[in-house]
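Comments concern the structure below.
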Amino acid sequence: MTIRPVPAQIDLPAMERSILDFWREHKIFEASTAARESSQPWTFYEGPPTANGMPGTHHIEARVFKDVFPRYQTMKGKYVTRKAGWDCHGLPVEIAVEKELGFSGKGDIEKYGIAAFNEKCRDSVTRHVGAFTSMTNRMGFWVDFDQAYWTMAPEYVESVWWSLKEIWKKGLLVQDHRVAPYCPRCGTGLSDHELAQGYETVTDPSVYVRFPVTSGELADLGAALLVWTTTPWTLVSNTAIAVHPEVDYVVAEVTAEDAKEILIVAQPLLSALTGEVKALKIVKGRDLERVTYQRPLDLIDIPDSHFVVLADYVTTEDGTGLVHQSPAFGADDLAVCRAYGLPVVNPIAPNGTFLSEVPLVGGLFFKDADKTLVKELKSRGVLYKHQPYEHPYPHCWRCHTALIYYAQPSWYIRTTSIKDELIRENNRTNWYPETIKTGRYGDWLNNNIDWALSRNRYWGTPLPIWRCEEKHEVCVDSLKELGDLAGKELSKLDPHRPFVDDITFPCATCGKEMVRVPEVIDCWYDSGAMPFAQWGYPHKPGSVEKFKAAYPADFICEAIDQTRGWFYTLMTIGTLVFDQSSYKNVLCLGHILDKDGRKMSKHLGNVIEPIALMDQHGADAVRWYMLAAGSPWSARRVGHDAISDVVRKTLLTYWNTISFHTLYAQSSNFDISQIPAVKDRSMMDHWILSELNSLIAEVDQAYSEFDSHSAGRVLARFIDDLSNWYVRRSRRRFWDGDLAALGTLHECLVTLTQLLSPMVPFITEHVWQELVKPADAAAADSVHLTDFPIADKDQVNLELNAQVALTRRIVELGRAARAESAIKIRQPLQRALISAPGWAKLPKDMRGQIADELNVIDLADIADADGDLVNISIKANFKTLGAKYGKSVQEISKAIATADATPLVKQLRRSGLAKVGDWEIELSDLVVTEVPKSGWMVASHEGESVALDLALTQSLIDAGNVREVIRFIQERRKSDGFEISDRIKVRWNVDPAIAAAIADAAAHISDEVLALEFTHDQTLPAGENDLGISVVLVKT
RNA sequence: GGGCCCAUAGCUCAGCCUGGUUAGAGCGCUUCCCUGAUAAGGAAGAGGUCGGUGGUUCAAGUCCACCUGGGCCCA
C-alpha cells in the first residue's frame, strides 16, 4: 500500500482548514448521521444562543461539549440528529437595536413605529447569526444549520401559541396584579430568572427615621417608632409600619449629647441606638397593633392609614424590627396592607419618575430622589441616623438600570401548582455533576414561585389572548384559529406585533369587540418550548411523528447559569404541557475565566476572541484544552500559555508518533495484510495491546458519563506510554521493518485515532486520511464514519502491565544511578544488581530491555550476589501492621528499626514468620531495601533498588568508543541528508589510540549504519571531538 | 443573610470516596545525559506549613466541625 511519510512538524490551523474543506466536499457530517438513520436515536437539543452580539469564548466551551458526546454516541451506533437553533426574540435584541438607533425608551420606539422597529430587530438577529455560524464551523461543531429552528419563525410562534393555550385551558395562565421587579427604562417587568442575572452591589443611603406615636399611652410618653429603610424614596408613599407579633419591643429612654428622647425598637436590635439607653418597658409586637403615628413626609394624600400592623415576615436580623410599609413597592407590603384594607398609593410613573404633581420630588427618577428626601427628613427633625449601606440590589440584566419593585398587572403561569410534578421530574433526571440535582436546582424548585410571563415590549412572541370589555377571554392556538374567529384568511399573517394587534373580532359571549392583550412573552419561554416548537408541533405536517421520536432529549448541555434559565424553562414547559420533563441527562458546565481566574468581561479587557484563539492554536487545541484540562463542571481558566502547553504535550506527541510510523511504514513497504497474528507477536506488542484494550474500556466509560476530563487523562497517558516506551523500546524493530512491530503500532494508532476523534476531530481526520486510508482500502472514508472500538478483554493482561511498570521503574532507578555516577550511558558497564519484589518473575525480554536502556551487560538479583556485598535495611509496613496490631504499630516500628535486619529478613524468607519484640510478623510487614555495600552506585525507592558496577575494563571502554563512532556516523548521515534506507560507503579516521578497536568492530558498525564499505583512511584529518573522529560518507 | 462548588509546587492538575509515615505528574527554571522521532526523549536539582484552626485515630492531604479566601446561585 502507499503510506507516505508525513512531516514531524504540523501547522494545526492550516491542516484544519483543509479538513473543513474535505468534510464539506464529501458531506461527512451528513453521511455520519445518514448511516445511523435506522438505529436507535440519541436525542440532543441545542440550547439556542441569542443572536444579539458576537460569539465569545464561553460559546466555544458549551459548543465543544455539545459536539463531543453526540460524536461519541454516533460512533456507538446511535442516530444523533443535531438541529441548530437561534433564539431571536427578547429584550437583548431590542436593546441592541435601540442603541443602534439612538433611542432612549419606549416612547422613541412607538414614534418610530412598531412594525419598522421589529423589522430592525429581525435584521439584527439575521446579521449576528452569520458570526455564530462561522465560529461554529471553524471549531468543528457539527450541527445542522440548514434545518435550524428560529424562534421568530411563524410556525415556531404558532407552536408556542398552541402550548400556551394548553396551559391556559388548564387555568394556569392568568393575569394578576402583583408587585414584581420592573425596569423603568425598558418599561417592563422582569421574571425571576432574569432578576437573578442582574444583582449588582450598590451603596444606598440607609436611614433610621422617627415616627412619633400619636395614640395611647406611648403618645403621652412622647415616644417615637424607629424605622430603618434603605429606600428613602418609598417613605413618600408610606402607609403603615409592620412589627412582628411575637417579638419584644423596647420602649427606651435614650440620652445622647444631653438630649433625651424615647424610641421604640425590637429588643434584639437595641444596638441600633446610640448613647445611653434605659429600657422603660417592654411590649410584645402584637400589643402595638393599630397604634397610630405621625408620618415623616406628607407630600401626597393617603387616607385612612398610618398605624402599626402585624406581619410574620418581619425579622430582627437588621434594622430596628419595625418595617415601614409601602404597598405599591413591595410584595410583602402589598399582602400585609391588603389584609388591613389599606389603600395602594403609587406616586411613581411607569418611567420610574415621581408624578409631576408630587411636591419636592415631582419628575425626579425614584433613586435620584433619595438625596432630596434625606435632606427633607433632616430638616423636619425626624432623621435619627443616616449612613451609607452597601448591599446587592437588582438591576436590569441588559441595561443595568436599578429595578423597582412595582405593582402592575402581569400575566403569570402558575408553576407553583405543578411544584410536585416538577420535583418528581427532577428526581428522574440525571445531573452531571450530581450535586446540582438536590443542591442548586432542587432548592430552586422547592422555593418555586409563579412564572411572570408577560413583557410590555415589542419584539417577542405576542401573548395570544384576546379579551373584550367584559373580560371574556379567548386564547388562540394558531393563525388558522385566529382567522376562523376573525372570519378572514390569516395563514400568511406575520404573527408578531403590530400585525396581530390589528386583528379583532366580536366576543362569542357578549358580542363586544375582542382585542389582543398588549403584552408579548418572556423569550425564555420561546427557548424552553423548542422540543416541540422546533418542529412546528402540532400544526405542521409530520411534526407529530418527529416530536414523538425525539422527546425527551437524552442530552442537553449548557453552563451552570442556565439552572434557572433554560434548564428550568425546558423542564417546566415540558411538565406543564406533556407532564414529562424534556430531558433525561443534563451536563452542567463550569464557567470560563481568564488566565488569572477572573470572569471575562469587556470591562476588564480580558476577553479572548474565539476565532483568534483558534487561528493561533488550532480548534483541536482549544477543544482538547476545554475537554481535558479540567473537569467539565468546574470553572476553567483560559489563556494562551495554558493551551499551547497541552497541545505540545499531547497532540504533538501523538502527531510525532504518527510521523514516526509513516516513515518506517513507507521504507519497509508496510502492508497490513502481512501483519502476524497477535499470538505470534512479542511481549512488548502484547503489552501495548493490553494497555490499548484497557484504554478502550476506560475511554468508553468516561465518555458515557460525560467525563471528558477522565477520558483525556487516560488518553494522554496512553499516548505517553506508546511514544515514550513502546516506540522507544521497539525502535530497532522498526528500523528492521519488523511487521509485528509495524502492525502493532499501526493497530494502536488506528484505534487511538478513533478514541480521540470525538474530542479532536481535525487532526484525527487528517491522520485517518494520511495513515489509515492509504494502508487499508476497506477503511471508512472518514474516521467519523467508523464504529467506536470495542475492547477485547482477552488481550488485557494485568500481570504483563504490572511487569512493564516494574521494568520502567527499574530503568528509572538505573538512570538515576547512572546520572549520579557521571558515567555516560553511551559507556557500557559490566553489571547491575537489582532488588525488587517481582524481579524474580520478570521475563527475559524485559530484563533485556533494562540492560539495554541502562547499557549494562549483565543483570543479577542482589540476593544472588555474595552475601557480604549486600546491606539490608528494613522499615515497618504500617498498612499491614496497623491492620493487625492497631495501637502498637509505633512500638513495633521502633522495634523493627532497631532489629538486626539481615538475619531477620533471612529468617522471614526461610520460615515466613519471625518475632520482633513481642510481636509476630511476616515478610509483608516489612519494607525491605537491599543495597550493595561499596564500590557500587545505588539508587533505591520504596523497597526497589538498582546498583551499578562502576568498574571499567578495556573491552568496556572499547565498546563505548564503538558506540560513539556509530552515533557520530548516524548524525552525519542525517546532516548529509541521506534517506534512512540509503546504503553508504564510509571512510573514517580516529585517534590512533582507539583505531584498532574501531577496526575490530567494523562489521558491527557497518551493520548499524548501513555501510557497504567501511575503510580506515588515515589521510583524513582528525575531527574536533573527544575521539578525533572524522568520516566521509558516500551514497552507493 | 442562605445554599452549592472549589482551595495540593511559580502555573495546570492527579491523589481524598476506601486514612498508613519520603504527597505525585506535566509545564516552566537550573545542570547534566541521550541522539536513525531531534523544535523530541531521559536524569538530577530548586520549588509544598496539601488555605487556617480544632477534633476523631496508633496514624489525617485523605474522615468530622468551625473559620478564611475564591467562584456560582439565591434573597
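Letters go in sequence order (proteins before strands), and every chain restarts at 1.
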TODO: Please state whether the rings of A/H661 and A/H746 are parallel, tilted or perpendicular, taking 30° and 60° as the class boundaries.
DONE: tilted
Open item on the list: Tell me which nucleotide, if any, is Watson-Crick or G-U wobble paired with B/U35 when both distances must be under 3.5 Å.
Closed with: none
TODO: Any strand is fair game: report the nucleotide pairing with B/G26 by Watson-Crick or G-U wobble, both distances under 3.5 Å, or none.
DONE: B/C11
Task: A/S1006: partners by side-chain contact (heavy atoms from CB on, under 4.5 Å), with sequence neighbours left out - done: A/A1011, A/F1014
Task: Assigned partner base of B/U18, Watson-Crick or wobble definition, under 3.5 Å - done: none
Task: CG-CG distance between A/L587 and A/N430, expressed to the nearest 0.5 angstrom - done: 12.0 Å
Open item on the list: Any strand counts, and the cut-off is 3.5 Å on both contacts for Watson-Crick or G-U wobble. Which nucleotide pairs with B/G61?
Closed with: none
Interface polar pairs with nucleotides 56-63 of chain B, N/O, under 3.5 angstrom:
unit_1: B/C58; atom_1: O2'; unit_2: A/Q890; atom_2: NE2; d: 3.4

Task: Check: A/S723 side chain, B/A37 base, donor-acceptor under 3.5 Å - done: yes
Task: Earlier contact from the 5' end, RNA chain B, for A/H709 and A/R963 - done: A/H709
Task: Any strand: nucleotide that pairs with B/C72 via Watson-Crick or wobble, under 3.5 Å - done: B/G3
Open item on the list: Please report the distance, rounded to the nearest Å, between CG in A/N656 and P in B/G42.
Closed with: 12 Å
Open item on the list: Without decimals, in angstroms, what is the distance between A/L652 CG and B/C27 C1'?
Closed with: 14 Å
Open item on the list: Taking the ring of A/Y654 and the ring of A/W624, is the distance between their centroids below 6.0 Å?
Closed with: no
